[in-house]
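For the numbers below, each heavy atom of this structure counts, side chains included, while hydrogens, waters and symmetry mates do not. We name chains A, B, ... by the order of the sequence lines, and we start the count at 1 in each one.
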Amino acid sequence: MNTPVVRALLYLDGVNVTFDGFRALRSLSLTVETGAMRAIIGPNGAGKTTMMDVITGKTKPDNGDVLFADGTVDLTRHDEASIAELGIGRKFQKPTVFESHTVADNVLLATAGPRGAFSSLWGARARVERERIDEALETVRLLAHRDRRAGELSHGQKQWLEIAMLLAQNPKLLLVDEPVAGMTDAETETTAELLREINRDHTVVVVEHDMSFVRALDCRVTCLHEGSVLAEGSIDTIASNERVIEVYLGR
Amino acid sequence: MIAALLAEKLDGRGKIFLIFLALLALLVPICNLLVPAGSAFHIGTGTVVLLGKWLCYAMLAVALDLVWGYCGILSLGHGAFFALGGYAMGMYLMRQIGTRGVYGHPVLPDFMVFLNWTELPVAWWGFQNPVYAMFMVLAVPGALAFVFGWFAFRSRVTGVYLSIITQALTYALLLAFFRNDMGFGGNNGLTDFKDIFGFNVQSAGTRMALFLASVAGLVIAFLIARFMVTSTFGKVLVAIRDAESRTRFLGYRVERFKLLVFVVSAMMAGVAGALYVPQVGIINPSEFSPINSIEAVVWVAMGGRGTLVGAALGAGIVNALKTTFTTGALAPYWLFVLGALFVLVTVALPAGILGAAESLIKRMRGSGSPARKPAE
Ligand SMILES: Nc1ncnc2c1ncn2[C@@H]1O[C@H](COP(=O)(O)OP(=O)(O)OP(=O)(O)O)[C@@H](O)[C@H]1O
Ligand SMILES: [Mg+2]
């Protein structure tokens with residue numbers, strides 16, 4: 001493969017994904033600089049989640065470049081586990097936590113460290129300091145719930161638990177799919193604050209429909225439509241873009 | 001040191017379970033060998049053999065619970081690993097017969113002489129050596145589980161599809177072992193054993209030793225399983241059961257965890273089969289029949305999956321019922337009873353008998369002492 005010279009943490013170019021003839025991504029191109037925060041908006045079915053699936057190795061693109069770390073890594077050649085190892089973490093659209101584990105164990109499993117089947121038998125991970133777990137839980141205000149089963153948490157708390165797991169995983173790039181779905185206004189505000197804080201030392205890509213939340217993130221916005229980029233720019237440019245209003249905001 | 005490790009790895013129910021097994025290992029020999037035959041406390045050798053059989057089933061249940069209860073791999077073919085371990089033991093026992101067979105051939109088992117074979121098939125080489133045979137008890141089920149798991153888990157076959165192919169696996173082996181030219185005794189299987197490790201398999205002393213070995217086997221299997229599920233490895237297994245793809249996105253190679261636990265479980269099942277065969281005195285292809293594997297799933301579901309102790313308990317209870325219902329006038333109704341019990345337990349007691357018993361105890365204690373903090 002002739003790798004183009006890329007100076008960005010994440011670089012997508014000409015990515016196509018087809019499901020049974022349906023083109024979910026059409027020559028999608030997107031660049032996210034190291035240390036940036038990026039919001040992705042777009043109508044249902046625009047391909048936002050599919051894009052995350054491609055980046056994290058869940059879906060293989062038909063063609064196109066998916067590069068990481070200044071173009072040094074071709075993500076299409078890695079599977080989910082090794083992409084996670086490379087430093088890409090993900091929060092799912094539908095909150096997915098390990099329901100029968102305690103809140104603390106959910107974070108423990110996410111904590112950066114050896115992931116081998118044999119090494120985990122000999123308790124290598126059991127030594128992860130309690131403080132690190134508690135620190136992550138403190139950040140998302142779940143410390144009081146550390147010993148509860150994750151399945152008992154409310155929808156919003158599960159969303160936060162997922163964010164705590166991302167924090168513990170400490171990836172270079174965080175992909176956050178609809179973090180405030182089902183949250184109250186106050187919770188939404190807290191989450192925006194939290195993501196901005198995380199953005200201080202991580203690159204973050206956030207997919208969200210809630211425009212006031214996107215505004216609170218105060219970052220560059222990309223609008224997807226039918227599998228490709230419709231517009232990109234500051235929140236004000238996007239909000240006043242006629243095409244964006246037509247296909248998404250104006251509905 | 002060991003005591004401290006045990007205390008750390010065992011929960012309350014595990015301790016009770018081990019105490020129960022210790023009592024069994026103490027009382028059964030006393031009641032069988034020391035208490036005179038006329039006494040009400042005497043346990044006949046037939047009962048000892050029956051209990052030994054149930055212990056082997058309990059071991060199979062623990063093995064199955066390890067993969068199903070903790071990792072969500074519903075194997076409907078675990079009977080195959082049990083039977084393979086049993087065949088490995090059976091082959092060793094056949095080679096011990098020597099010239100005492102009907103045909104008196106020094107090397108070939110009777111059925112081979114009957115088929116006019118003149119040479120021992122390669123698969124049988126070395127089985128006269130007990131060390132090699134015991135190695136094969138572990139290696140054959142382990143290798144099959146490894147090859148099967150390697151392909152199935154890497155290509156991400158899960159759920160019902162995986163269950164179906166495990167069932168197909170045991171069915172295929174059933175058909176293969178039925179064939180005379182496979183060289184494992186065809187539909188008659190392997191039987192008429194004489195000695196095991198130099199002792200007469202029929203003698204009361206050997207039977208007691210085999211019973212005690214079964215207790216020991218169950219204890220060891222339980223401790224290994226307990227060690228695995230209480231480690232971080234076990235946490236990853238449960239994570240895979242709850243949300244497999246989430247586990248992958250956290251950087252865990254799910255297929256490796258599944259493969260490791262599947263192979264360990266298959267070996268456990270193999271040892272259970274190897275302990276079973278000298279006690280029942282025969283191994284034939286019917287041990288591969290799909291219904292056996294399904295029954296094992298019923299034991300685990302009824303006892304309480306994901307608890308290990310519950311699985312063993314379920315094996316004991318269901319087989320005790322089976323013995324009651326398959327002898328005498330009730331025999332034709334056994335399958336109905338089994339089906340009804342299964343439906344009843346899964347609908348009314350989703351956590352199994354153990355889960356239901358434990359929550360009952362908790363509730364009784366809770367109402368007994370108001371100082372206790374209320375349930376969340
Ligand atoms: N595995 C799949 N098989 C078939 N079609 C799929 C698959 N995954 C996604 N699609 C389709 O691709 C399109 C894009 O889906 P995607 O989930 O990426 O949208 P989205 O932008 O995340 O939408 P939403 O805002 O509703 O989450 C949809 O039409 C969806 O039905
Ligand atoms: Mg989506």
Side-chain angles (χ1 to χ4, degrees), chain A residues 52-53 55-58 78-92 94-102 104-128 145 147-152 162 165-166 168-171 175, chain B residues 4-5 8-9 66-67 69-72 146 149-150 153-156 223-265 304-307 350-351 355 373 375-376:
Chain A
M52 293 198 167
D53 288 345
I55 298 167
T56 52
K58 188 180 177 203
H78 293 265
D79 66 3
E80 296 99 316
S82 68
I83 289 174
E85 236 164 82
L86 285 166
I88 300 182
R90 172 174 190 182
K91 190 204 93 56
F92 288 76
K94 176 179 168 285
T96 319
V97 296
F98 305 124
E99 309 246 322
S100 25
H101 277 309
T102 62
D105 276 347
N106 268 272
V107 180
L108 170 77
L109 286 169
T111 311
R115 296 284 203 252
F118 281 100
S119 67
S120 66
L121 265 181
W122 310 113
R125 306 293 308 288
R127 276 179 243 117
V128 172
H145 302 278
D147 295 320
R148 277 179 75 189
R149 268 169 29 94
E152 297 169 3
E162 275 216 80
M165 289 165 77
L166 272 181
Q169 199 182 343
N170 195 20
L175 303 174
Chain B
L5 191 71
E8 183 198 316
K9 292 288 180 190
L66 192 57
V67 291
Y70 289 87
C71 197
F146 185 85
W150 176 270
F153 301 144
R154 273 172 63 99
S155 44
R156 303 197 180 171
L223 290 178
I224 290 174
R226 205 50 217 164
F227 171 77
M228 290 180 90
V229 302
T230 50
S231 66
T232 309
F233 178 85
K235 291 190 173 152
V236 178
L237 291 187
V238 172
I240 292 171
R241 184 190 74 191
D242 280 2
E244 178 165 337
S245 78
R246 186 78 174 91
T247 317
R248 278 210 179 87
F249 288 116
L250 283 181
Y252 293 97
R253 299 209 168 270
V254 166
E255 58 280 359
R256 293 192 193 160
F257 284 82
K258 284 185 172 178
L259 192 58
L260 181 54
V261 75
F262 196 62
V263 168
V264 169
S265 169
R305 61 182 281 224
T307 59
K373 83 172 196 304
E376 293 184 59

When rounded to the nearest 0.5 Å, the distance separating CZ of B:F249 from CD of A:Q169 is 11.0 Å

When every non-hydrogen atom of B:A239 is compared with those of A:H101, the smallest separation belongs to N-NE2, 3.7 Å

Residue from B:G306, B:G234, B:G251, B:S245 scoring the most non-hydrogen pairs under 4.5 Å with chain A is B:G251

Residue from A:E80, A:R90, A:E162, A:K58 scoring the most non-hydrogen pairs under 4.5 Å with chain B is A:E80

The interface call for B:T247 against chain A, heavy-atom contacts under 4.5 Å, is both

### Task
Please say whether more than 12 non-hydrogen atoms of neighbouring residues, nucleotides or ligands are located less than 6.0 Å from CZ in B:R256.
no

Okay, A:D79 and chain B: the region with an atom under 4.5 Å from a heavy atom over there is side chain

Side-chain contact, heavy-atom cut-off 4.5 Å: B:L250 with A:F98? yes

Among A:G57, A:A117, A:A84, the residue with the most heavy-atom pairs under 4.5 Å to chain B is A:A117

- Message: Given 3.5 Å as the limit, does a donor-acceptor pair link the side chain of B:R246 with the main chain of A:T96, or not?
- Response: yes

- Task: Using a 4.5 Å cut-off on heavy atoms from C-beta on, say whether the side chain of B:V238 contacts that of A:D105.
- Result: no

In terms of heavy-atom contacts, A:L121 and B:F227 come closest through O-CZ, 3.4 Å

Within-4.5 Å side-chain heavy-atom neighbours: B:Y252 and A:S120 = no

So, the part of A:E99 with a heavy atom under 4.5 Å from chain B: the answer is both

